[in-house]
Amino acid sequence: MKTVWETYDAETREKMEAFSKDYRTFLNRAKTEREFVRETIRLAEENGFQEIGRTKGPWKRGERLYAVNRGKNVVLYVIGERPIEEGINILGAHIDSPRMDVKQNPLYEKDGFALLDTHYYGGIKKYQWVARGMALHGVVVKKDGTAVDVVIGEEDDDPVIGVSDILVHLAAKQMQKKAAEAIEGEQLNLLAGSIPAKDEKKDAVRKYLLNLLKEKYGIEEEDFVSAELEAVPAEKARNFGIDNSMIMAYGQDDKICAYTNLRAILDVKTPARTSCVILVDKEEIGSVGATGMESRWFENTVIELLDGYGKADLVTLNRTLSNSRMLSSDVSAGLDPNYAEMFEPKNSAYLGRGICFNKYTGARGKSHANDANAEYLAKIRRVMDEEKIVFQTAEIGKVDEGGGGTIAFILARLNMDVVDAGIPVLNMHSPSEISSKADLYEGYRAYLAFLNRMD
Ligand code: MN
Ligand code: MN
């Protein structure tokens, strides 16, 4: 099977390299869902998108619109030539990633250290998240409603924080434990300080840190209750491999698909069918919450669009959704040569072989799989071939090993055709995920082809 590399000429490789550089820069600015939304709005507005509500319909072909939900969930539309109720071409990805969230009552002092207690977010191998530099990103909302943005650990001179691990010399007992138990959830405590406040008898280190937070950010201990502080890896996105062919970065699940979705819709000009990109929060914890895919917010934005044409009724909404098509853009598990026995080689995703379509992703007997329609896959194949897009198909690991969920089934519930289509990564859900630059660029090309050509 051909790799993307063999199909690219020098000029395309240059474009790929430039695209991957933009991607790395974007990742470094957008490690959290809130930051991803902020950067998305910035790029969207630079590219002529206007917020729905500030602009009134009926909109003309090529008009560009967006809407934001609670700063953590964003949707973009480019109006098509045909009436919206004939269906929308939708790309969807999630912008949340595994991490450690600071608890609501986090701060304590022990043995001369101040620590922040965390509750990890999403599925992680906890042993991968200790003994490394973490940055703290998020927002503290004070009782009067003012929000204080916090980013500690991104500038070169910034301090980082992190969870300690026991030295190997004292780890005999730990090393006998199962990997799942070697680090317990309640051991994920971030070391945050060690200077005692002067003339304090009790909890002097804790008090010093509180004074510092007050001074620097104007926040009190009680303000942690209404804060969202996320500890994420402090490293920057890097080129990877001696041949410079890959990217190593935190949060590529699923920001690699979210970014390529976003770039695709920014480059859509005057589509036949209305184009849409929906970027959601909370996928890693089950797509719940008002900013997750299970929220009705997305449908609400479709109604708002229809309202711009005086057609905000349930019949038109249902017709629109039923006629729509979607690529659920979520990363696929790339075949890892160190663990090849977990994969079935004919039906695995390989780095460098292009965007990957997963007809189903469920575990053990396709449980909870979206299992897309053959007719829909045939249409997609045709578009991909006509646009000379390199693609592959895969499932997640061997039949009785793998499986995983995405947002596909939630949109399929609205009675539209949906299939998972994502970029393969190695090290998924670790602090340093690996992708191929070739798949990154080919993914963008595939998403753009879908928006422009899918009928
Ligand atoms: Mn994902
Ligand atoms: Mn994931």
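It should be emphasised that the depicted structure is a prediction, and the values quoted were computed from it without experimental measurement. Order of listing sets the numbers, starting from 1, for every ligand and every atom in it. Numbers for residues simply follow the sequence, beginning at 1.
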Whether D253 has an N, O or S atom under 2.8 Å from the Mn ion (ligand 1): yes
Residue D330, metal the Mn ion (ligand 1), N/O/S under 2.8 Å: yes
Residues, nucleotides or ligands: over 12 heavy atoms within 6.0 Å of Y339 OH: no
Under 2.8 Å from the Mn ion (ligand 2), is there an N/O/S atom belonging to [X]?
{"X": "E284", "value": "yes"}
{"X": "H94", "value": "no"}
{"X": "E283", "value": "no"}

Whether W129 and Y250 hold their rings parallel, tilted or perpendicular, with breakpoints at 30° and 60°: perpendicular
F391 and F357 aromatic ring geometry - parallel, tilted or perpendicular at 30°/60° bounds: perpendicular
Full working for ring-ring contact (aromatic ring centres under 6.0 Å, His included) between F36 and F26: CA-CA 8 Å; F36 202 108; F26 190 95; 4.8 Å; yes
Side-chain H-bond candidate by donor/acceptor type, T40 with Y66, under 3.5 Å: no
